[in-house]
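Below is one structure, written out as structure tokens; the observations come after it.
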Protein chains: 2
Amino acid sequence: MHSRKTPAADSGSFAATEARIRRTHQRFPAFRRDAAVLVRLVRHIQAQVHDAANAILREHGLNHTDYNILIMLYGSADHAMNPSQLGGAAGEKSANLTRICNGLVDRGLVDRVADPHGDRRKVLLSLTRRGVELLEALLPGMTDLLDRCMLGFAPAERDQLERLLKRLLGNVEALVHPA
Amino acid sequence: MHSRKTPAADSGSFAATEARIRRTHQRFPAFRRDAAVLVRLVRHIQAQVHDAANAILREHGLNHTDYNILIMLYGSADHAMNPSQLGGAAGEKSANLTRICNGLVDRGLVDRVADPHGDRRKVLLSLTRRGVELLEALLPGMTDLLDRCMLGFAPAERDQLERLLKRLLGNVEALVHPA
DNA sequence: ACTGATTAATTCAGTTATGAACTATAATGC
DNA sequence: GCATTATAGTTCATAACTGAATTAATCAGT
């Protein structure tokens with residue numbers, strides 16, 4: 001018996017990717033190396049974190065998306081948010097959010113009630129006691145993962161990276177919601 | 001008639017997200033603000049770029065994933081790669097890659113043949129003439145997207161961001177393939 | 001008040017992605 | 001040579017996600 005992990009491929013060595021980007025730029029000069037590299041870096045980082053988080057969370061019966069929803073609620077002022085806030089915060093489309101929350105509600109981790117404040121279209125999602133407990137049981141593992149991401153980064157470097165990424169985010173948000 | 005765009009949510013304003021992360025940190029001090037912010041930034045950036053690219057590519061009958069495969073092949077030395085190289089480069093799992101390439105082969109954009117060099121397990125994927133043509137028709141739009149990502153970034157800032165992201169990638173790769 | 005446009009959330013059909021199992025070939029050790 | 005182990009690629013069942021349509025409630029202008 002084999003296959004303890006997905007064979008996938010050697011995702012390491014971004015060097016080959018860079019060589020490809022360079023060649024593309026040669027064949028099609030308008031294609032800018034720098035931007036392409038950045039976008040691909042972001043893509044790879046996101047994919048790896050996603051996979052690593054999934055691997056950790058699987059044994060608790062959750063995936064990275066579920067976790068993201070739970071931690072957003074955990075961080076919110078009263079452990080409660082509307083679906084649309086939550087979707088925006090977690091970067092999930094509303095249709096997907098409904099599905100995810102259905103699952104979390106079914107498992108008793110999240111509560112879904114009509115929003116008491118006026119607007120009867122709205123819904124309030126909140127962590128149940130069990131949701132809080134599960135999340136807090138998960139947090140050490142996830143915290144450790146985050147720590148390992150930051151190995152070798154000086155505080156000033158983290159700040160700088162954060163600042164630059166925020167500007168990048170500003171730019172890419174303008175792509176979808178133009179003006 | 002309404003709904004010209006998915007309602008989704010206000011993905012803008014990362015500020016609320018930061019407030020949540022701060023609260024989480026207060027309730028669970030081991031949870032580091034900086035790392036969490038960075039990971040969520042990466043997630044949001046990737047999601048937005050993905051959506052924007054999909055919107056552009058849709059009218060050509062492709063999605064962002066398809067495009068990524070094609071551009072990898074385009075950038076490779078002889079417009080040809082093995083599935084596993086390609087999967088690694090594009091950040092796709094092998095099972096998914098098979099499916100994607102099936103589609104591209106069916107549409108006559110990609111050629112799939114036995115790798116001529118010895119190893120009979122291997123397969124070679126390459127761009128067809130049509131694949132090259134379609135890709136080159138697409139590239140101006142995608143190039144423009146990339147350009148808009150970089151608005152307001154000085155060359156030195158791009159370099160710095162690239163360097164920092166590469167280090168981050170190094171760290172996150174170690175998460176999945178430990179040691 | 002009433003019409004038309006917006007917004008919140010969900011539903012739905014179709015697409016895309018995942019983990020595990022499987023087949024076939026190649027490499028390694030003995 | 002032969003057994004063991006590893007790798008390349010695919011298949012399959014299931015899960016996750018998407019865009020568009022739908023329902024219901026609010027809002028804005030008149």
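Because the structure is predicted, anything quoted here is derived from the model rather than measured. Note on naming: letters A, B, ... go to the chains in the order of the sequence lines (proteins, then strands), and numbering restarts at 1 for each one.
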Thr98(B), nearest nucleotide to its side chain (from dG19(D), dT10(C), dT10(D)): dT10(D)

Closest-nucleotide ordering on DNA chain D, the 5'-leading residue of Arg99(B) and Asp66(A): Arg99(B)

Phosphate-side-chain proximity, Arg120(A) and dA24(D), N/O vs OP1/OP2 below 4.0 Å: no

How is Asp119(B) classified with respect to the nucleic acid when contacts are heavy atoms under 4.0 Å: base, sugar-phosphate, or nothing? sugar-phosphate

Winner on side-chain proximity to Lys122(A), out of dA9(C), dT18(C), dT18(D), is dA9(C)

OP1 or OP2 of dC17(D) sitting under 4.0 Å from any side-chain N/O of Thr65(A)? yes

Hey, what do you get for CG (Leu124(B)) to NE2 (His79(B)), rounding to the nearest 0.5 Å? 13.5 Å

Rounded to the nearest Å, what distance is computed from the CD1 atom of residue Ile100(B) to the C1' atom of nucleotide dT16(C)? 8 Å

Only residue of Arg23(B), Arg40(B), Arg33(B) satisfying side chain to side chain donor-acceptor pair (under 3.5 Å) with Glu18(B) is Arg33(B)

Which is more 5' along DNA chain C, the nucleotide nearest Asn54(A) or the one nearest Leu124(A)? Just name the residue. Leu124(A)

Looking at CG of Leu86(B) and CG of Leu97(B), how far apart are the two atoms once the value is rounded to the nearest 0.5 Å? 5.0 Å

Are Glu173(A) and Lys166(A) close enough for a salt bridge, meaning some N to O gap below 4.0 Å? no

To the nearest Å, how far apart are Asp115(A) CG and dT7(C) P? 18 Å

Between P on dG19(C) and CD on Glu92(B), what's the gap in Å once rounded to a whole number? 12 Å

Nearest to side-chain heavy atoms of Ala95(B), which nucleotide of dG19(C), dG19(D), dC17(D): dG19(C)

What is the separation between atom CG on Leu86(B) and atom P on dA8(D), rounded to the nearest whole Å? 14 Å

Output yes when Arg107(A) and Asp66(A) qualify as a salt bridge under the 4.0 Å nitrogen-oxygen rule, no when they do not. yes

Asn96(A) has an atom CG; how far is it from atom P of dT15(C), in whole Å? 17 Å

Among the nucleotides dA16(D), dA8(C), dG19(C), whichever has the atom closest to the side chain of Asn63(A) is dA16(D)

Pair of N/O donor and acceptor under 3.5 Å linking dT7(C) base with Arg121(A) side chain: yes

Listed nucleotide nearest any side-chain atom of Ser84(B), set dA8(D), dC17(D), dA9(C): dA8(D)

Please check the phosphate of dT18(D) (OP1 and OP2 only) for any side-chain N or O of Lys93(A) closer than 4.0 Å. yes

Would you kindly give the CD-to-C1' distance between Gln46(B) and dC17(D), to the nearest whole Å? 14 Å

Tell me which of Leu97(A) and Ala55(A) sits closer to the 5' end of DNA chain C, going by the nucleotide each one is nearest to. Leu97(A)

Would you call Asp159(B) and Arg163(B) a salt bridge, using N to O less than 4.0 angstrom? no

The side chain of Asn102(B) is closest to which nucleotide in this list: dT11(D), dG9(D), dA9(C)? dT11(D)

Go nucleotide by nucleotide along DNA chain D from the 5' end; which of Arg112(B) and Gly118(A) gets its closest nucleotide reached first? Arg112(B)

